[in-house]
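What follows is a short report on a single structure.
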Amino acid sequence: MCGIFGYTGVPTDAASMVFAGLKKLEYRGYDSWGIAVGSEGAVHTARDVGKLSAPPMGLPESGMALGHTRWATTGAVTEGNAHPHGDCSGRLALVHNGIIENYVSLRQGLVARGHTLRSETDSEVAAHLLEEELARMDAEHDVQRPDLPRAHTDGGNGNGAWPYRARLAEALRRVGQQLEGLNALAALDVTSGELAAVKNGSPLIVGIGSGDGNGGTDGAQYLASDMAALLAHTRRLVYVRDGQVVSLRPEGVELFDAETGAPLPLDIEDVQWTPEEAELGAYHHYLEKEIWEQPTLLRRIADEGVDAATELARFLGLQGELHLTGCGTAFHAALTGRYLLALEAGRPSLATYAHEFGPIAASLEPGDAVVAFSQSGETIDVLDAVRAARAHGAALGALVNVPGSTLTREVDLTLMLGAGPERSVLSTKTFTAKLAYLLLAAGALAGEPARHVPTLRAAADDIAALRTDGRLDIVRDVAHHIADREHLFVLGRNVGYPLALEAALKIKEVTYMHAEGFAAGELKHGVIALVEPGTPVFVLTPAGPDEAYMLTTAGEVKARGAYVVGIGPHHHAVYDAHIPVHAEGLAYLLAALPPLQLLAYELALLRGTDPDRPRNLAKSVTVR
Ligand code: F6R
């Protein structure tokens, strides 16, 4: 939540560059945004509420800049509460991602010491603490830190008396120690041109723009919350870890331990994601683009994914209890996994929301295994769950999409989904990738690693055909028919049940309609009371053993006047509308969701909501 983008390098139109970076991070929060650049010893700031519309006019060219998109936590959505925040000296700019839990007492202390705070935010507190720490460091004339690189005699550490390089990073480190909660802070100091950041709980990635990150004079370095914003500049990245502080200057990047201040080696990784993958291309929205990427993704997993899935299967087959966890869409994938592993390989498991995992973790023992599902690898509830499981000796696995993310570093086995950047706030292709790997792993666990390769291919063909075989028109007709309804339901059975939950989540997230997914069997235990004449009810009806059950269910809601939409291979008289899904067997599981993802997209267009930036949501939920 919240997006950070920073630049230090040769003077340029840094404001426009940061704006472009923030656009790529906007899915992390779009309540307000702001950019600060440094020029001639002063900070120049532009801030606004709402989505990023046009690059700010009137900011000077600069070799240092810092920007932020906000998902509001403390303080209303106003321009005054937009980041970056300044200190009293006017030489610092600071942005923040997280929640400073002790900000009230810190604020009182600052006010008592004569600081003027201009916003209601917890974040501004950190800017003034930074000002104090810099002054305090400059007064430490006798400081002896032979382990730290000394500042150049040309005043490379700014005009303070602190004799070592990375002065701002050291001050930020000291600020970080005063804060309670999970926070990432980034700041720039116009006096020295240094950009610095400290991380504890929210993602931060450094982009090495040129040279090896430790030399050269014409360098440019970047800082962002997500690699998608860096790919236009560099694919050489340093993933800042919790408990680390980083200092960026045009001539190099330095990393330090946030507790001791000791220098740390830089671990530069080359990422495979291309800038094009993160671009919209010919599509109107990322949601649309990412839905249509699913056939290619499935084919790639069918071609290349068997080894990784077999490794996952070995992990899933460990003795002891098996628990699957995640949040939101990722939880729906975990729940699907529970059905698939039981169905295909007779392996029992339990699926639990990550934010409800605490009591489960407390019951784990060495030999038990936990597999976490997460697109971002940064969801705090998921990290909490795996950390709790680790404390009780469980083995940890994860299915993750974002390379280098925190989750990948905390588990014993990571399966990378390889779905490329997912920029729409709504998860689509990464859900499908998780299901595809679960299918392959379930086959491998049953002793047939290639069992579901044809399943993935069949699903890919069916989804790809949606574009041209007339089904898109049916989806649009259904969308027109129900666009003004406020309530709708999606029913599924067995492995179709998590699918129903996921379809309903997609629709509610992006249309703000009240869409609920239910297990078809629950209908008569209460849900049917919600059905009125005209209520849209989608019934996930694959061919096979569940078909008759689902048709009975469809008949029961139809008898109460529901508008029944069947999703499956066969047309039945009980349907008011039928969206055909031709893929059979477990391929249905992969092929049935995309038409409903498209329905969510079409409904968003009809209802005038923003498909990529639904209200109140942010991708990557890094606060509790
Ligand atoms: C729904 C959605 C969310 C995420 C959830 C977990 O479209 O995107 O429900 O699935 O916040 O996020 P990750 O997968 O990053 O852990």
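One-based numbering, in listed order, for ligands and for the atoms of each. This structure is a prediction, so every number in the text was calculated from the model and none was measured. Below, all heavy atoms of this structure are taken into account, side chains as well, without hydrogens, waters or symmetry copies.
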Tyr512 six-ring centre to Arg615 NZ/CZ under 6.0 Å and within 45° of normal = yes

Between His285 and Glu290, do the side chains contain an N or O donor and an N or O acceptor separated by less than 3.5 Å?
-> no

Atom 12 (O) of ligand 1: which protein heavy atom is closest, and how many Å away?
-> Thr379 OG1, 3.4 Å

Check: Gln597/Thr428 side-chain N/O donor and acceptor closer than 3.5 Å | no

To which protein heavy atom is atom 6 (C) of ligand 1 closest, and what is the distance rounded to 0.1 Å?
-> Cys327 O, 3.3 Å

Residue part near ligand 1, for Val425, under 4.0 Å between non-hydrogen atoms = backbone

Which ligand 1 atoms, with their elements, are less than 4.0 angstrom from a heavy-atom of Leu426?
-> 7 (O)

min-distance protein heavy atom vs atom 3 (C) of ligand 1 -> Thr329 N, 4.1 Å

Pair Trp71 and Tyr30, ring centroids less than 6.0 Å apart = no

Heavy-atom proximity to atom 7 (O) of ligand 1, best of Glu509, His332, Lys434, Glu502 | Glu509

Apply the test salt bridge (charged side-chain N to carboxylate O under 4.0 Å, His left out) to residues Lys506 and Glu602: give CA-CA distance (whole Å), side-chain angles for both, the deciding distance (0.1 Å), then the verdict.
-> CA-CA 12 Å; Lys506 289 297 85 109; Glu602 294 294 334; over 6 Å; no

Atoms of ligand 1 less than 4.0 Å from Ser376 heavy atoms?
-> 13 (P), 15 (O), 16 (O)

With a cut-off of 4.0 Å, which atoms of ligand 1 are near a heavy atom of Ala330?
-> 10 (O), 14 (O)

Scan side-chain atoms only and decide if His96 and Asn183 contain a donor-acceptor pair under the 3.5 Å cut-off.
-> yes

Atoms of ligand 1 close to Gly328 [distance to a heavy atom under 4.0 angstrom, numbered from 1] | 9 (O)

Could you tell me whether the side chains of Ser202 and Glu378 share a donor-acceptor contact shorter than 3.5 Å?
-> no

Provide, to 0.1 Å, the distance between atom 14 (O) of ligand 1 and the closest protein heavy atom, together with that atom's residue and name.
-> Gln375 N, 2.7 Å

So which protein heavy atom does atom 11 (O) of ligand 1 come closest to, and at what separation?
-> Val621 CG2, 4.0 Å

Numbered in order shown, the ligand 1 atoms found under 4.0 Å of a heavy atom of Lys506 are 1 (C), 7 (O)

Are Phe431 and His332 near enough that their ring centres are under 6.0 Å apart?
-> no

